[in-house]
Trainee: 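First, the structure itself, so that you have it in front of you.
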Amino acid sequence: MIDLKTLRENPDAVKKSQTARGESADLVDRVIAADEARRAAIVEFERVRAEQNSLSKSVGAAKGDEKTALLEKAKTLAAQVKEADAKKSEAESSARSELMNLSNLIDPAAPVGGEADFKVLEEIGSPRDFDKEGFAPKDHVEIGKALGAIDVERGAKVSGSRFYYLTGVGALLEFALVNYAISSAAKNGFIPVIPPVLVKPAAMEGTGFLGQAAENVFHLEKDDFYLVGTSEVPLAAYHMDEIIDAKKLPLRYSGYSSCFRREAGTYGKDTRGIIRVHQFDKVEMFSFCKPEEAQKEHLRLLEWEKDFLKAMEVPFRVIDVASGDLGSSAARKFDCEAWIPTQNAYREVTSTSNCTEFQARRLNIRMKDEEGTKPIATLNGTLVAIPRMIVAILENHQQQDGTVKVPQALQAFLGTDIFRPVSA
RNA sequence: GGAGGGCUCGCAUAGCGGCCGAGUGCACCGGUCUUGAAAACCGGCAAGGGAAACCUUCGAGGGUUCAAAUCCCUCGCCCUCCGCCA
C-alpha cells in the first residue's frame, strides 16, 4: 500500500504511476477523499470519547443527586460515542479498501508501456546452431518422454491439463536443482525455509495477490484458505505484524515450496509440455531490507539469478519489464529469459521484483533503528522454477544421439554427467 | 472427535468493574561507584495516530455498563489428558 503522506502531498506522482500501469488514475482522488472522511470521523470520535472519559471519571466520585444528573448526561454521551465509533469504523474500512486497490508506485527507471515494451538489458551466452550441428532439436516433451523424466499423459489422466509427473531422472533432476539452489543461496546468507502453502486471506492480500491477480489463485472456499502461487507469499507474511531490528537487515530467506496457479485466461497458450502448469516447485529468494538499500538488493538478487542460469549453462537474456506488465506490488521487475530452441524464443524462467515498502505496509512489517520505527522494503526473486528450468536444460543440452548433457554444477548432485534414453 | 487449562509491555508473572495503559522480577539502555568489570544503588524502558490536548491497543470480534484487562457471547491460537491417524 502507498504511504498516505506521499499520496496527500504528491497525488500527481501516484496518478502518473497508475496511468503508466494502465490502471485507474481517478482512484487516487477517491482514496484521498476517503482518507479525508476517515480523518474527520476520527476527530469527531475522539472528541466525544475524551468527553465521555472525563465525565465517566467524575461519575465515580460523585454522590446523591449530583451523581444521578451526571449519569443522565453520561448516558446520552454514551449513545453519541457509539454512533461516532460506528461512523469511524465505517470510514476507516472504506478508506482502507480504496487504498488497498492502489498499486505500488513504479520506479521511474522502469520502461513505460505494455508487455511488449520491455527493454533488453543483456544477453548472456549464445543459442546453439542446430542446423550447423546437423540435427533438429526435439522439444522437452519428447526428450522428457525418452528419458523417462516427464509424463504429461498420465498427468492429464489423473489431474487434467497442465499437470504432469516428474519421474526417474526428472524427479532426480528436481532434487539436484533444489539442492544446488538452496546450498548456493545459503552461501549468500539466505536462511532455507519450507513454508506453508495454504495461507489465510491476510497473507494473500498483504502480498498483493488478491487484486488483478486474484483470478489466478486457487481458493479453498470451505476453509477460506488460498493455495500460494509462490513462496513469496508465506515468506513475506512470515514477519507480518512484526517490527524487525534494523541490525538484522538484510534478512534473507530462500523458500522451497510447491506453487499453484489457475492460469486463467491462458487457454491455448503453452498447452504443450510443462512450460505453463498448475502446480510446480520453486526455490524463491526473499529479502527484507532498508528502503534505501532496496535498489542495490534488487541488483544482487538479479546477479544471483544470473549466476544460477550461468551455472545451468543455458543461454539467456535479462529484460527490464515495462510498467504495464509489473505486478501490483512491484516497483520494478527484471526477468531472466532462457533460450528455448524449439520455440526459437527466449522464455521467462526467473523474475525478480523490488516491492519497496508496498507489501510491508500491507502486512504491517516495520523495522526499528536508533531513530525509531520505520518502513521496511521487501524484494523477491526466483532462484529456480523447476519445470521451466528442466525445459531449458533438456532442450539446450540435448545431443543428436538422444542423450542430454548434465550441467557441471549439477553433476555432483546427480552422480552423472549425462542422461540417457530409457528403453521403451 | 471428547475433557480440561491458558492467551496481559522482549521473557516470566500480578491484576478487586472506576485509584490500571497496567504492578513486580529478569533482560535491555543510561548514570553513580570501580583502575576496569561484577555487585549494589539511581533513572529509563510497549506500539500506533496527533503539533499538542488527547485518542486507540491487555489474542480477535461482538455485548452488558455512565465506565471493561476485569462480567457475558462467538471465534482464533497455544498447552495437558483421552481417542483416531500419519
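Quick caveat, the model's predicted, so the values are computed rather than measured.
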Trainee: Mind running a 4.0 Å heavy-atom check of residues 198-209 of chain A against RNA chain B and sending the residues that fall below it, in number order?
Mentor: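 The stretch gives none, as no residue of it lies under 4.0 Å from the strand.
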Trainee: Applying side-chain hydrogen bond (donor to acceptor under 3.5 Å, both in side chains), can you list everything that pairs with A:Glu205, at least two apart in sequence or on another chain?
Mentor: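 side-chain hydrogen bond (donor to acceptor under 3.5 Å, both in side chains) check on A:Glu205 returns nothing, list empty.
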Trainee: Can you tell me the distance, in whole Å, between the CG atom of A:Asp85 and the P atom of B:C66?
Mentor: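 Whole-Å distance recorded here is 17 Å.
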Trainee: Would you mind reading off the distance between A:Lys374 atom NZ and B:A47 atom P, rounded to a whole angstrom?
Mentor: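 Result: 15 Å.
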Trainee: Please name all residues satisfying side-chain hydrogen bond (donor to acceptor under 3.5 Å, both in side chains) with A:Glu90, sequence neighbours left out, ordered by chain then number.
Mentor: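 In terms of side-chain hydrogen bond (donor to acceptor under 3.5 Å, both in side chains), with neighbours along the sequence ignored, A:Glu90 is linked to no residue.
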Trainee: Have a look at A:Arg39 and say if it touches a base, only the backbone sugar-phosphate, or nothing, with a 4.0 Å heavy-atom cut-off.
Mentor: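 No contact.
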Trainee: Can you give one letter per nucleotide of nucleotides 52-61 of chain B, 5' to 3': B if a protein heavy atom sits under 4.0 Å from the base, S if only from the sugar-phosphate, - if neither?
Mentor: --SBS-----
Trainee: Rounded at 0.5 Å granularity, tell me how far CZ in A:Phe308 sits from OG1 in A:Thr350.
Mentor: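 Taking CZ in A:Phe308 and OG1 in A:Thr350, the distance rounds to 9.5 Å.
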Trainee: Which comes earlier along RNA chain B counting from the 5' end, the contact point of A:Lys5 or that of A:Ile243, where each point is its nearest nucleotide?
Mentor: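 Taking each residue's closest nucleotide, the earlier one in sequence belongs to A:Ile243.
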Trainee: Figure out the CG/C1' separation between A:Leu55 and B:G18, and round it to whole Å.
Mentor: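 So the CG-C1' distance, A:Leu55 to B:G18, works out to 13 Å.
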Trainee: Sort and list the pairs that fulfil salt bridge (Lys or Arg N to Asp or Glu O under 4.0 Å) and have at least one residue in residues 152-174 of chain A, not counting sequence neighbours.
Mentor: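 Qualifying pairs, neighbours excluded: A:Lys145-A:Glu153, A:Asp151-A:Arg154.
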Trainee: Is it true that A:Asp85 and A:Lys82 have a side-chain N and a carboxylate O under 4.0 angstrom from each other?
Mentor: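 Looking at A:Lys82 together with A:Asp85, the answer is no, because their closest N to O distance does not fall below 4.0 Å.
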Trainee: If you find the nucleotide of RNA chain B closest to A:Arg366 and the one closest to A:Ser89, which residue's nucleotide is nearer the 5' end?
Mentor: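 Nearest-nucleotide comparison on RNA chain B picks A:Arg366.
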Trainee: Across the strands shown, which category fits A:Gln52 at heavy-atom distances under 4.0 angstrom: base, sugar-phosphate, nothing?
Mentor: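 Sugar-phosphate only.
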Trainee: Of all residues at least two apart in sequence or in a different chain, which pass the side-chain hydrogen bond (donor to acceptor under 3.5 Å, both in side chains) check with A:Asp224?
Mentor: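 With neighbours one apart ignored, the set is A:His219.
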Trainee: Restricting to side-chain hydrogen bond (donor to acceptor under 3.5 Å, both in side chains), what partner residues turn up for A:Tyr253, sequence neighbours left out?
Mentor: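 If we apply the side-chain hydrogen bond (donor to acceptor under 3.5 Å, both in side chains) test to A:Tyr253, skipping adjacent residues, the hits are A:His239.
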Trainee: Could you list the donor-acceptor pairs under 3.5 angstrom formed by side chains in residues 320-330 of chain A, with sequence neighbours left out?
Mentor:
residue	atom	partner	partner atom	Å
A:Asp320	OD1	A:Arg332	NE	3.3
A:Asp320	OD2	A:Arg332	NH2	2.5
A:Ser323	OG	A:Ala20	O	2.8
A:Ser323	OG	A:Gly113	N	3.0
A:Ser323	OG	A:Gly113	O	3.4
A:Ser328	OG	A:Gly208	O	3.2
A:Ser329	OG	A:Thr207	O	2.8

Trainee: Please enumerate all residues that pass side-chain contact (heavy atoms from CB on, under 4.5 Å) together with A:Lys374, with sequence neighbours excluded.
Mentor: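 Residues passing side-chain contact (heavy atoms from CB on, under 4.5 Å) with A:Lys374: A:Met367, A:Asp369, A:Glu371.
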Trainee: Using the salt bridge (Lys or Arg N to Asp or Glu O under 4.0 Å) rule, collect all pairs that involve residues 271-288 of chain A, keeping only residues at least two apart or in two chains.
Mentor: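 Counting only pairs at least two positions apart or across chains, the salt bridge (Lys or Arg N to Asp or Glu O under 4.0 Å) contacts touching residues 271-288 of chain A are A:Asp139-A:Arg272, A:Glu263-A:Arg276, A:Asp270-A:Arg276, A:Lys282-A:Glu284.
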Trainee: Please collect all salt bridge (Lys or Arg N to Asp or Glu O under 4.0 Å) contacts where either partner lies in residues 405-422 of chain A, sequence neighbours excluded, each pair once.
Mentor: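 Pairs touching residues 405-422 of chain A that pass the test: none.
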Trainee: Check each residue of residues 75-84 of chain A for a non-hydrogen atom within less than 4.0 Å of any atom in RNA chain B, then write out the ones that pass by number, or none.
Mentor: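 By residue number: A:Lys75, A:Ala78, A:Lys82.
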